[in-house]
Amino acid sequence: MMLIARAPMRLSFCGGGTDLPAYYEHHGALVVSTSIRYGFHAMLSTAPSDGVQILSADHRALCNPPTRDNVNQDEDLHLPRAVVDFFQPRDGLVIFLASEIPSGCGLGTCGAMTVSMIKALSFWCGVDLEPAAAAHIACQIQIDRLDVSLGREDLYAAAFGGTNRIKFSPDGVVVEPLRMRPGTEDALQERLMLFFTGVSQPSSDIRRRLRQEVLDRNDRVLGRLGTIKTLAAEMGTVLEEGDLRALGELLHRSWMEKRELVRGVTSAFIDQCYEAARSQGATGGKICGAGGGGFLLLCCPKRHQDRVTEAMEALGLRRWPLALDRRGVQLMQARPWHRLSSDTVRWETTPRPQAKAPGVL
């Protein structure tokens, strides 16, 4: 059997940080994000030898993933190994993992990897998961089982795709596609610009610091997260109304709050680049992901984009093509060889909340 699953990367417009369980379990969370045409691929194929082998385009190959009791989080592929352990697929399997962008760049690579693997392995085991179920299992593995300091936004964005409000609360998760007016999505895509800073930095350290500040009930941090959540609500409204001028201003206001959350979100170089972009006509922007490097997202009228591009290139940044994508995780290719019963998949015993609407878990 040969099987390929793909999950999209995402742009988080506003609300990142509020999706940490330490925050939303007490205050609720709201994020607004969109999927883009860069993706992560998980390719599964049968192998003549026993065991399971994981091959990564970014890391070394590993054989025979361990049981859940001895997954070492310091290893490069501890997360893929944990996903394999969850499904316990039949021996004689090769898993090849490949990303269309560098890891650690703030576009949700880790979440897309996890969701694409879950989609592929569940189908391999005979179960074709819906997006909500794939995201739910991804949260179990990444956050609940491995205690990785990540929010849940990336996992739901990768599973569902499109431009959404995603609400988190102790009662569950609600994914609401934004009802944008005709032409707004094209205009949004035309106005957004993406620049690589040349710095790839894992977000885990920043998110760990943020989680600890929330657990310590730091009033300053909690206040800024509350403001960011309010701005996310406003951003969803202006996107549905097609007011892209207001979008740029909201991006700017949100970034001003986010950059002050914890140490490491920004740097002198990032601040220099952002101010240069604003001076040349960008109305707003942010560093994607938790911060510290990766991609700089800008909102800029088309008439100013040449000037902004020149300013960014003078500082050493490189512009990357950007296109929005409505598709969530999907099977790109599947040639059946065998199918196992759904009993093979070891589901968690914790009952799931009843669905309230499409996209509710």
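We number each residue from 1, following the sequence as shown.
Residues Arg152 and Pro21 have side chains in contact (heavy-atom distance under 4.5 Å, counting atoms from C-beta outward). Between Thr114 and Phe40 the shortest side-chain heavy-atom distance does not fall below 4.5 Å. Thr46 has its side chain out of reach of Leu93: every pair of non-hydrogen atoms, C-beta onward, lies at least 4.5 Å apart. Counting only heavy atoms from C-beta outward, the side chains of Met180 and Glu241 never approach each other to under 4.5 Å. Contact of the Leu79 side chain with the Cys110 side chain is registered, since non-hydrogen atoms from C-beta on lie closer than 4.5 Å. The shortest side-chain heavy-atom distance between Arg207 and Asp205 does not fall under the 4.5 Å cut-off. Proximity of Ile54 to Phe96: side-chain heavy atoms (C-beta onward) are nowhere separated by under 4.5 Å. Between Met9 and Thr109, the closest side-chain pair of non-hydrogen atoms falls below 4.5 Å.
Closest approach of Cys288 to Leu297, counting heavy atoms only: SG-CB, 3.8 Å. Across every non-hydrogen atom of Gly264 and Ile206, the tightest pair is O-CD1, 3.3 Å. Considering all non-hydrogen atoms of both residues, Gly284 and Leu251 come closest at C-CB, 4.3 Å. For Ser254 against Cys14, the heavy-atom pair with the smallest separation is OG-SG, 3.3 Å. Ile228 and Gly16 make their closest contact through CG2-O, 4.4 Å (heavy atoms, listed as atom of the first residue, atom of the second, distance). Taking all atoms of both residues into account, the shortest heavy-atom contact from Val32 to Gly236 is CG2-N, 4.1 Å.
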Verdict with reasoning, Ile95 to Met43, per side chain to side chain contact (heavy atoms under 4.5 Å, CB included): CA-CA 6 Å; Ile95 303 173; Met43 290 159 272; over 6 Å; no
Check against side chain to side chain contact (heavy atoms under 4.5 Å, CB included), Leu192 and Phe13: CA-CA 11 Å; Leu192 295 178; Phe13 291 131; 3.9 Å; yes
Verdict with supporting geometry, Glu257 and Thr227, side-chain hydrogen bond (donor to acceptor under 3.5 Å, both in side chains): CA-CA 8 Å; Glu257 296 291 335; Thr227 300; 4.5 Å; no
Stepwise side chain to side chain contact (heavy atoms under 4.5 Å, CB included) test for Phe196 and Ile101: CA-CA 10 Å; Phe196 185 44; Ile101 62 169; over 6 Å; no
Pair Leu225-Tyr24, side chain to side chain contact (heavy atoms under 4.5 Å, CB included): steps then yes or no: CA-CA 10 Å; Leu225 287 173; Tyr24 77 71; over 6 Å; no
CA sep, side-chain torsions, deciding dist, call: Glu176, Lys167, salt bridge (charged side-chain N to carboxylate O under 4.0 Å, His left out): CA-CA 8 Å; Glu176 295 179 351; Lys167 301 177 181 179; 3.4 Å; yes
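Thr283 places a side-chain N or O within 3.5 Å of a backbone atom of Cys299 that can act as its donor or acceptor partner. Without hydrogens or angle criteria, Ser99 side chain to Pro102 main chain gives no donor-acceptor distance under 3.5 Å. Between the side chain of Glu100 and the backbone N or O of Gly39 there is at least one donor-acceptor pair closer than 3.5 Å. A donor-acceptor pair under 3.5 Å is formed between the side chain of Ser116 and the backbone N or O of Ala112. Looking only at distances, a side-chain donor or acceptor of Lys119 sits under 3.5 Å from a matching main-chain atom of Leu129. Arg37 contributes a side-chain N or O that, together with a main-chain N or O of Leu324, makes up a donor-acceptor pair within less than 3.5 Å. Remark: the backbone N or O of Phe295 is not paired with any side-chain donor or acceptor of Thr197 at under 3.5 angstrom. Not a single donor-acceptor pair under 3.5 Å links the side chain of Glu25 to the backbone N or O of Ser169. Under the 3.5 Å distance criterion, the side-chain polar atoms of Gln280 are left unmatched by any main-chain donor or acceptor of Met312. Arg220 places a side-chain N or O within 3.5 Å of a backbone atom of Leu261 that can act as its donor or acceptor partner.
Note: Thr18 OG1 to Leu222 CG = 12.0 Å, rounded to the nearest 0.5 Å. Note that CD1 of Ile118 is 10.5 Å distant from NE2 of His136, once rounded to the nearest 0.5 Å. The CG atom of Asp144 sits 12.0 Å away from the CD1 atom of Ile137 when rounded to the nearest 0.5 Å. The CZ atom of Phe123 sits 12.5 Å away from the CG atom of Leu121 when rounded to the nearest 0.5 Å. Here Glu190 contributes atom CD and Leu244 contributes atom CG; the two are 10.0 Å apart, rounded to the nearest 0.5 Å. Atoms CZ and SG, on Arg90 and Cys125 in that order, are 9.5 Å from each other to the nearest 0.5 Å.
No continuous path of ILVMFWY side-chain contacts below 4.5 Å connects Trp124 to Val329, so the two sit in separate hydrophobic clusters. There is no path of hydrophobic side-chain contacts, each under 4.5 Å, that joins Leu30 to Met235. Both Leu239 and Leu11 belong to a single network of hydrophobic side chains, linked directly or stepwise wherever heavy atoms of I, L, V, M, F, W or Y lie under 4.5 Å apart. Both Val52 and Phe86 are part of a single hydrophobic cluster, where members link through side-chain heavy atoms under 4.5 Å apart. Placement of Leu155 and Leu97 in two distinct hydrophobic clusters is found when ILVMFWY residues are connected by side-chain heavy-atom separations under 4.5 Å, directly or transitively.
A salt bridge between Arg326 and Glu185 is present, with a side-chain N of the basic residue lying under 4.0 Å from a carboxylate O of the acidic one. A salt bridge is defined here as a Lys NZ or Arg NE, NH1 or NH2 lying under 4.0 Å from an Asp or Glu carboxylate O, and Arg165 with Glu240 meets this definition.
Other residues, nucleotides and ligands contribute at most 12 non-hydrogen atoms within 6.0 Å of the CD atom of Glu130. Annotation for Lys258: atom NZ counts as buried by contact number, over 12 foreign heavy atoms lying within 6.0 Å.
Ser35 and Asp325 are not linked by any side-chain donor-acceptor pair at a separation below 3.5 angstrom, with hydrogens and angles left out of the test. Between Glu153 and Ser12, the side chains place a donor N or O and an acceptor N or O closer than 3.5 Å (distance only, hydrogens not considered). Under 3.5 Å, the side chains of His252 and Tyr274 contain a donor-acceptor pair of N or O atoms.
Between Trp320 and Phe195, the distance separating the two ring centers is not shorter than 6.0 angstrom.
For residues 307-319, no residue pair satisfies the salt bridge (Lys or Arg N to Asp or Glu O under 4.0 Å) rule, not counting sequence neighbours.
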